Amino acid sequence: MFQYHCLNPIAEKGLGLFNEEYKKSEDLQECDAVLVRSAKMHDMELPESVKVIARAGAGVNNIPVKDCAEKGVVVFNTPGANANGVKELVLAGMLLASRDIVGGIEWVAKEKDQEDIDKLAEKQKKQFAGCEIMGKKLGIIGLGAIGAMVANAASALGMEVYGYDPYISIDAAWNLSRTIKHIKSLDEIYSQCDYITIHVPLLDSTKEMINKEALDKMKDGVVLLNFARDLLVDEDALIEALDSGKVKKYVTDFANHTVAGHKGILVTPHLGASTEESEENCAVMAVKEVRDFLENGNIKNSVNFPNCDMGTCVAVGRIAICHKNIPNMISQFTKILGAEGLNIADMTNKSKGEYAYTLIDLESTASKEALDELKAIEGVSRVRVVK
Ligand SMILES: NC(=O)C1=CN([C@@H]2O[C@H](COP(=O)(O)OP(=O)(O)OC[C@H]3O[C@@H](n4cnc5c(N)ncnc54)[C@H](O)[C@@H]3O)[C@@H](O)[C@H]2O)C=CC1
Ligand SMILES: O=C(O)CCC(=O)C(=O)O
């Protein structure tokens, strides 16, 4: 029996995929798995029982990913599962920034009791006039799941799309419309584009990448959209650029005291992935990842350990070892197992950066002593008997 805990509400369509072998628990103690959306986990004390965290979403900046790797806790996310939801809100954001739709709707609501509201509307509407996005230049920073979808959709709406992503995946590149201009320098995005939207993860290297220097290089009257993370933008510099007229509108999905209520800023309360479809897609993918990991030891879509798939175990036993990606680990594992007379039926070892993962199928059951010896190897963070 496995236990899981949800730090945020997770769609029932996903949780329903847990079978009778799983129990939802109201507290973390004794849990094998944690499911999370945006809850901040950096200051959270995780019990030793937690082996896996699944982020039902893309961004993992709310999770101490490296600390988890050190402790042998595998962290998953759900790549692409909410990308369409975000794409649609980005398109809405561009339209809201271009036409004063919000101002117009608020005006009608305010004047609702005017007898001649229809005539008044025709007279007043010029104050809410705007511009079209067709023919305008859109710069996209980050062409992953979301950026690529925004690029294709904006291109289909007649925008001239400039894309910048020095680390683009082959899959994302294949999915891009041929109309997207491949841009190799951010300066070109800044100097050319009327709209700029950012879709990169929040990392030390991307924090405040939109700063005063970047803003100064942008076209006068640029519209900036941020549906990725607020800390990607130096929002004090942004406010200055907005107040000076350099930036026409800032559309952000992240409410905070710097942006909330400020003129020229449209703030949504982190709604990018808040659609029925995205919530369900993320929950379904997260639960499948957790189940395959707990039941088979397989890893797919982890952000701190490598992909590793040995299917369902048909041997007598399977053990999973989380460890450092350093020399001499496999030979130490096989030596301990060999000394106990355990024959290895199948084995996979994969690495990702500093960390590695080994799955070993055995023709007989490993003793507690052998498992303890494996755990004691320097660089091993967790040994788990999967079967
Ligand atoms: N507002 C919301 O509700 C949501 C926000 N997000 C945010 O959007 C971010 C992106 O999401 P996805 O597109 O699904 O992730 P993704 O991982 O598919 O794409 C990120 C892309 O950014 C690129 N990148 C990384 N560093 C870069 C740099 N310095 N310059 C240019 N490109 C760089 C990567 O190569 C990758 O192609 C997430 O990390 C998350 O913070 C994601 C989903 C929902
Ligand atoms: O779960 C959510 O609503 C947040 C989505 C998000 O920001 C992400 O997937 O990175």
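We count ligands from 1, going down the list as the structure has it; atoms in each ligand are counted the same way. No experiment lies behind these values; they were computed from the predicted model shown.
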The closest protein heavy-atom partner of atom 44 (C) of ligand 1 is Val86 CG2, 3.3 Å

Fill in: Val90 with Leu143, same ILVMFWY side-chain cluster at under 4.5 Å
yes

Exercise. Will you find, in the side chains of Asn256 and Glu235, an N or O donor that is under 3.5 Å from an N or O acceptor?
Worked result: yes

*asked:* Does the Lys NZ or Arg CZ of Arg291 fall within the cation-pi geometry relative to Tyr4 - under 6.0 Å from the ring centre and within 45° of the axis?
replied: no

Any heavy atom of Asn82 under 4.0 Å from ligand 2? The part involved is side chain

Original post:
When only distance counts, is Pro166 in polar contact with ligand 1, meaning an N/O pair under 3.5 Å?
Top reply: no

Nearest non-hydrogen contact to atom 5 (C) of ligand 2 from the set Ala273, Gly85, Ala39, Pro201 belongs to Ala273

_Between Lys181 and Glu160 (salt bridge meaning N to carboxylate O under 4.0 Å), is one present in this structure?_
yes

Within 4.0 Å of some non-hydrogen atom of Gly57, the atoms of ligand 2 are 9 (O)

shortest atom 30 (N) of ligand 1-to-protein heavy-atom contact is with Tyr164 CE2, 3.6 Å

Counting heavy atoms under 4.0 Å, the part of Glu279 that contacts ligand 2 is neither

Is it true that Asp372 and Lys368 make a salt bridge, defined as a side-chain N closer than 4.0 Å to a carboxylate O?
yes

In this structure, CD of Glu88 is separated from CD1 of Ile146 (nearest 0.5 Å) by 12.0 Å

min-distance protein heavy atom vs atom 6 (C) of ligand 2 -> Arg55 NH2, 3.3 Å

Looking only at protein heavy atoms, what sits closest to atom 43 (C) of ligand 1 is Asn82 OD1, 3.4 Å

To the nearest 0.5 Å, atom OH of Tyr164 lies from atom CD1 of Ile140 at 14.5 Å

N or O pair under 3.5 Å between Arg37 and ligand 2 | yes

Review point. Gly59 to ligand 2: N or O pair under 3.5 Å?
Key: yes

Is any N or O atom of Asp165, backbone or side chain, closer than 3.5 Å to an N or O atom of ligand 1? yes

Self-check item: Polar contact flag for Ala273 and ligand 1 (N/O pairs, less than 3.5 Å)
Solution: yes

Is it the case that the ring center of His270 lies less than 6.0 angstrom away from the ring center of Phe254? yes

Heteroatom proximity flag, Ile146 to ligand 1, N/O under 3.5 Å = yes

re atom 28 (C) of ligand 1, the protein heavy-atom contact at minimum distance is Tyr167 CE1, 3.8 Å

Under 4.0 Å from one or more heavy atoms of Leu143, ligand 1 contributes atoms 37 (O)

Review point. If we only count N/O pairs under 3.5 Å, is Ile141 in contact with ligand 1?
Key: no

among protein heavy atoms, the one nearest atom 7 (O) of ligand 2 is His270 NE2, 2.7 Å

Worksheet entry | Same apolar cluster: Val284 and Val287, side chain cutoff 4.5 Å | yes

Report task. Give a yes or no on whether a salt bridge exists between Glu132 and Arg99, defined as a side-chain N under 4.0 angstrom from a carboxylate O. Result -> no

Are a donor atom and an acceptor atom from the side chains of Asn328 and Ser331 found within less than 3.5 Å of each other?
-> yes

message: Are Thr179 and Val161 packed together at the side-chain level, in the sense that at least one heavy-atom pair is separated by less than 4.5 angstrom?
response: no

Min over Gly272, Pro79, Gly59 of heavy-atom distance to atom 38 (C) of ligand 1 lands on Gly59

Could Arg318 and Asp361 be called an ion pair, given the rule that one side-chain N must be under 4.0 Å from one carboxylate O?
yes

Task: Distance-only donor-acceptor check, side chains Lys66 and Tyr355, under 3.5 Å - done: yes

Give a yes or no on whether the ring-centroid distance for His323 and Phe333 is below 6.0 angstrom. yes

For atom 25 (C) of ligand 1, the closest protein heavy atom turns out to be Pro201 CD, 3.7 Å

_Check: Ala58 N/O within less than 3.5 Å of ligand 2 N/O_ = yes

Report task. Tell me, please: is Asp253 in heavy-atom contact with ligand 1, that is, under 4.0 Å? Result -> yes

Near Thr206 (heavy-atom distance under 4.0 Å), the atoms of ligand 1 are 29 (N)

Quiz prompt | atom 17 (O) of ligand 1 within contact range, any protein heavy atom under 4.0 Å | solution = no

Looking only at side chains, do Tyr195 and Ser98 share a donor and an acceptor under 3.5 Å apart? yes

For His270, the atoms of ligand 1 under 4.0 Å from one of its heavy atoms are 1 (N), 2 (C), 3 (O)

Going by heavy atoms, is Gly272 under 4.0 Å from ligand 2?
-> no

heavy-atom search around atom 9 (C) of ligand 1 in the protein gives Val200 O, 3.8 Å

min-distance protein heavy atom vs atom 10 (C) of ligand 1 -> His199 O, 3.7 Å

closest protein heavy atom to atom 19 (O) of ligand 1 is Gly144 CA, 3.2 Å

- Taking atom types as modelled and ignoring hydrogens, do the side chains of Glu295 and Tyr22 form a donor-acceptor contact shorter than 3.5 angstrom? yes

